[in-house]
Protein chains: 2
Amino acid sequence: MLKATMLTQDTGILPEFTLSDTRMSELLETVHQISDLQSLGALADWDQNTAMPGGAAEVRGYQQASLQGVLHERWTSPRLGNLLEELYEDVQQALFTDADRGLVREAHRIYTRAAKLPRKLVEEIARVQASSFEAWRNAREQSDFALFAPLLSRTVSLQREVADRLGYVETRYDALLNEYEPGMTVSKLDKLFGPMRETSKTLLKRIETSGNTVDDSCLEGKFSKERQIALCERLLRGMGYDFSRGQLAQSPHPFTTSFGSPFDVRVTVRTHEHYIQSSLMAAIHEGGHAVYEQGSAPTLVRTPIAGGASLGMHESQSRLWENAIGRSEPYWRGQYIAVREAFPLHYADVEVVTFARALNKVQPSLIRVEADEVTYNLHIMVRFELEKALINGDVVIETLPGLWNAKYREYLGIEPANDAEGVLQDVHWSSGFGYFPTYTLGNLYSAQIFHKLHAVFPDFDARLAEGDTAFVLEWLREHMYVLGAIYRPEELMMHVTGEALNPEYFNHYLTNKFEKVYGLSAIEQK
Amino acid sequence: MLKATMLTQDTGILPEFTLSDTRMSELLETVHQISDLQSLGALADWDQNTAMPGGAAEVRGYQQASLQGVLHERWTSPRLGNLLEELYEDVQQALFTDADRGLVREAHRIYTRAAKLPRKLVEEIARVQASSFEAWRNAREQSDFALFAPLLSRTVSLQREVADRLGYVETRYDALLNEYEPGMTVSKLDKLFGPMRETSKTLLKRIETSGNTVDDSCLEGKFSKERQIALCERLLRGMGYDFSRGQLAQSPHPFTTSFGSPFDVRVTVRTHEHYIQSSLMAAIHEGGHAVYEQGSAPTLVRTPIAGGASLGMHESQSRLWENAIGRSEPYWRGQYIAVREAFPLHYADVEVVTFARALNKVQPSLIRVEADEVTYNLHIMVRFELEKALINGDVVIETLPGLWNAKYREYLGIEPANDAEGVLQDVHWSSGFGYFPTYTLGNLYSAQIFHKLHAVFPDFDARLAEGDTAFVLEWLREHMYVLGAIYRPEELMMHVTGEALNPEYFNHYLTNKFEKVYGLSAIEQK
């Protein structure tokens with residue numbers, strides 16, 4: 001257990017485990033060791049993404065496989081199993097804390113899951129993942145899907161086997177969804193996503209037919225990599241990301257990872273020399289993930305409930321910071337000085353209003369991570385539908401690039417010219433399926449939380465405009481981040497916002513925001 | 001087992017294990033997994049040295065401790081023990097290979113060692129090491145030994161406990177020496193080191209009284225970090241270091257490490273803006289370690305006999321490349337163009353003879369890693385004697401800076417002005433004791449191997465001067481590197497040079513070289 005003196009956050013009362021119960025203390029000792037090993041696997045993955053030489057891919061695959069083998073062995077140990085079975089009911093008693101209950105619930109879930117998957121399968125998945133990442137990187141560089149197809153095919157069949165072994169009620173894909181967002185199913189998602197898809201499509205059409213445009217030429221130019229990185233660092237610091245417990249690196253696909261939250265939480269961005277938006281928005285997006293992880297209570301460290309409550313909740317924070325805050329004019333009123341100081345020649349004559357507006361240009365485009373808020377979820381729908389089809393066995397791998405391109409034409413009216421800007425753009429399928437829907441789910445969560453923040457702070461925009469974001473971080477830490485994964489996502493939403501997830505918040509948010517940006521008449525909507 | 005197609009070296013016949021023997025194949029499966037886990041620990045250590053944020057030190061300590069716990073558990077498993085006890089004799093039969101025998105010998109040694117150390121102790125050592133590294137880094141930055149003393153004291157007592165549990169015949173320090181150089185003892189070292197110390201001291205006196213000097217002002221100036229790193233990269237490539245299986249990074253203390261030799265072998269250097277020698281010679285030194293590791297047969301990957309035969313043999317290669325080759329005029333005749341192209345203004349008017357000569361300036365100095373070849377071993381003697389005293393219990397931690405300074409006055413005639421350039425300069429004591437003598441041992445080995453190389457290649461110098469070092473690497477790979485740790489150091493020396501270690505080679509090498517550099521009369525020596 002880390003010392004209380006390491007607590008660097010003023011978060012009031014911290015969640016605590018009941019160490020006086022010998023079963024809880026044995027459970028903690030066990031999960032501490034497992035979490036430590038898991039952190040080393042995450043570190044190996046970070047290294048592979050940011051530094052590892054290509055020639056090490058195969059041997060790294062073996063290392064990850066051996067580690068997964070040990071983890072599997074630990075999670076399926078009969079002693080741990082008995083302990084969890086015993087605690088599963090008992091922990092509901094009043095003498096236990098919410099942290100105890102959260103830990104037992106999460107550990108029980110992982111234990112049950114592990115028991116369903118044979119060790120050989122788990123090792124094989126780890127081995128394939130490492131090779132698959134290299135194959136993806138290579139295929140993307142050469143823009144040739146055929147180089148990735150054999151490993152993708154292997155991943156699909158492994159993931160189908162996982163789904164079948166884990167079990168599901170309705171569709172096979174549900175089993176994988178549940179891995180990333182416990183309790184989520186396709187039919188629940190369809191209900192949540194349906195109205196959102198309609199809102200996005202309607203809004204896009206209204207914007208396109210309005211004839212109004214947003215000029216984003218101020219985001220183009222020549223921006224040195226070094227200065228972009230320095231600017232990202234400054235914005236991250238401004239958000240409250242703590243570099244003494246983190247680091248900023250570069251990778252082909254931006255991501256956040258953690259090895260022992262809240263004490264080591266790292267982010268990456270990628271830079272484009274001629275377009276500043278990519279690195280900046282990636283920094284704020286990953287920064288959102290990272291401040292969530294760094295805000296997790298130090299008392300939860302080295303347990304499976306340190307960090308975020310689910311991937312969807314995680315994406316809610318990355319997207320809250322990136323979009324709701326990071327693409328708002330008030331935010332840039334407070335932060336624009338950093339951009340101007342980084343690129344004085346370029347931005348001397350660009351007004352902050354122009355800059356903030358440029359970040360909200362709506363235009364169907366090919367690359368998801370660079371999409372605007374209106375079209376973003378349509379990118380996710382493409383992936384969601386293809387993933388379901390892949391896992392449920394309705395498509396052949398070789399036809400994927402064609403299907404991808406057709407979906408882009410259907411949803412966004414445009415088509416990739418090559419695989420790199422099409423089916424190969426995302427890293428995710430080198431490791432598994434079921435992740436993408438959590439992005440859209442995150443958007444839905446985030447709008448509801450953003451609404452709550454405005455209710456709590458009537459002067460929200462004014463404070464942002466003064467350069468203050470600390471009050472946002474502080475409130476989120478206290479009401480959400482510090483709790484880690486003690487509560488299930490739906491419980492956490494109740495705790496944070498006082499009501500269950502309601503997708504209407506997002507639809508309102510999106511419509512209102514872009515009616516303003518594009519000067520659409522609200523009446524026209526009817 | 002890695003695929004044979006991954007073999008990128010033209011090394012003729014590779015060592016092979018007898019997989020048809022079921023016990024050997026079970027042993028291999030076991031050590032593969034252990035080696036994989038060990039590699040993740042090495043990766044975590046690399047990360048801590050090159051990237052990890054300071055706030056993660058404590059949690060990293062726990063991670064290393066948990067990993068060491070698992071490794072200990074694996075090494076002490078009764079099944080592995082029985083297998084090794086059985087194979088220990090049987091493997092001597094003709095049907096087994098030298099690789100089999102090497103693996104069984106080394107695995108048996110580690111297993112026996114692990115059995116003597118309780119898991120709790122092993123975990124505690126890992127935990128203390130991670131904190132100790134941070135304490136050392138901090139203490140060195142602030143040049144304040146008191147900040148490091150408590151953790152050093154803890155390390156000393158842990159290492160003494162290790163030594164006592166491992167056992168020894170003559171002195172407690174022998175037990176630790178044996179960890180780094182199997183079979184080595186203080187009394188053997190004293191015999192080897194005695195004449196060397198006298199040679200060094202005599203030579204130093206002759207140089208000092210000769211009145212002849214070496215001008216090394218050409219190594220001083222203003223050298224941008226980026227260009228130094230680019231130059232180091234170029235020199236490493238020139239040596240045959242393969243970047244597709246490696247990486248160059250920066251750290252407070254230069255080092256080489258490997259996660260799955262020969263497929264992932266990484267080096268670090270540190271740069272000084274005003275002095276070019278540090279980074280260049282560190283690159284060649286670490287490059288020597290690295291080409292040794294990268295030359296290890298791919299068939300040995302994921303076993304404890306991949307990589308180098310011992311630390312002493314390892315240092316023989318770093319010092320062969322750094323000193324015997326890398327500080328020679330012929331080498332720089334072949335490579336100087338790289339220096340000139342990196343720093344054209346600075347080196348346009350500096351002749352290669354002047355540059356190479358500058359690298360051989362003899363001058364008692366305070367920093368070991370920057371010492372010349374004549375005084376280098378005296379730096380080691382200081383550490384060797386203090387280590388023995390610390391482990392044998394003859395000194396109190398608090399008196400260490402004073403003792404250090406007194407020894408520097410005695411051996412080198414100079415005294416550090418502060419702890420950073422004195423007792424805190426080396427990272428080694430943050431993890432253990434017994435490493436330093438292997439540097440001097442490496443010098444002894446290297447001179448004998450260097451002599452052999454000259455015997456094999458009468459045109460050695462001429463080829464170096466043409467910019468060719470590939471023939472050296474090729475010969476060393478074929479006769480030494482490819483063998484990994486199949487043979488014990490003493491057997492390997494026989495195999496490589498045809499005779500047992502003879503310290504006279506080093507004494508001759510040193511005397512001859514510096515008589516030339518300083519224009520000393522050979523007769524004067526009598």
Side-chain angles (χ1 to χ4, degrees), chain A residues 1-3 5-6 8 29 32-44 46-48 50-71 73-74 123 226 242-247 249 258-266 294 298 301-302 306, chain B residues 1-3 6 8 29 32-44 46-48 50-71 73-74 123 126 226 242-247 249 258-266 294 298 301-302 306:
Chain A
M1 186 93 276
L2 286 168
K3 290 194 286 284
T5 51
M6 293 199 67
T8 54
E29 200 178 320
H32 280 167
Q33 290 191 355
I34 294 176
S35 297
D36 289 340
L37 297 173
Q38 189 116 34
S39 289
L40 294 177
L43 176 64
W46 155 272
D47 176 75
Q48 182 162 13
T50 58
M52 194 189 83
E58 190 171 356
V59 79
R60 176 58 52 87
Y62 282 105
Q63 290 158 5
Q64 290 281 23
S66 291
L67 182 70
Q68 291 308 319
V70 173
L71 287 170
E73 177 191 290
R74 300 281 149 156
E123 290 177 349
E226 290 70 28
D242 176 0
F243 276 88
S244 80
R245 297 180 288 136
Q247 197 201 17
S258 143
F259 333 118
S261 289
F263 296 105
D264 195 348
V265 181
R266 307 191 193 174
Q294 286 191 337
V301 71
R302 304 172 67 217
Chain B
M1 186 96 274
L2 285 168
K3 289 192 287 285
M6 293 199 66
T8 54
E29 200 178 319
H32 279 167
Q33 291 192 353
I34 294 176
S35 297
D36 289 340
L37 297 175
Q38 189 117 33
S39 289
L40 294 177
L43 176 64
W46 155 273
D47 176 75
Q48 182 162 15
T50 58
M52 194 189 82
E58 190 171 357
V59 78
R60 177 58 53 87
Y62 282 105
Q63 290 158 4
Q64 290 281 22
S66 291
L67 181 71
Q68 291 307 318
V70 173
L71 287 170
E73 178 192 289
R74 301 280 152 159
E123 290 177 347
E226 290 71 27
D242 177 0
F243 275 88
S244 79
R245 297 180 287 136
Q247 198 201 16
S258 143
F259 334 118
S261 288
F263 297 104
D264 195 349
V265 181
R266 306 191 194 174
Q294 286 191 336
V301 70
R302 305 172 65 215

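A note on names: the letters A, B, ... follow the listed sequences, proteins ahead of strands, and every chain is numbered from 1.
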- Hey, does the side chain of B:Q63 reach the backbone of A:F259 with a donor-acceptor pair shorter than 3.5 angstrom? yes
- Message: Any carboxylate oxygen within less than 4.0 angstrom of a Lys/Arg side-chain nitrogen, looking at A:R74 and B:E73?
- Response: yes
- Return the set of residues passing side chain to side chain donor-acceptor pair (under 3.5 Å) with A:Q48 (not counting sequence neighbours), or none when no residue passes. A:E134
- Closest approach of A:Q33 to B:E123 (non-hydrogen atoms, all atoms of both residues): NE2-OE2, 3.9 Å
- Which atom of B:S244 lies closest to which atom of A:P53, heavy atoms considered: O-CB, 3.4 Å
- Heavy atoms of B:D36 and A:S66 approach each other most closely as OD2-OG, 2.5 Å
- Task: Determine whether A:Y62 and B:R302 make a side-chain contact, defined as any pair of heavy atoms from C-beta on separated by less than 4.5 Å.
- Result: yes
- Message: Below 4.5 Å, heavy-atom pairs only: which of A:L37, A:L67, A:D47, A:V70 has the largest tally toward chain B?
- Response: A:D47
- Query: Heavy-atom distance under 4.5 Å to chain A: side chain of B:A51, backbone, both or neither?
  - Reply: both
- Of all residues at least two apart in sequence or in a different chain, which pass the side-chain contact (heavy atoms from CB on, under 4.5 Å) check with A:A44? A:R60, A:Q64, B:L40, B:L43
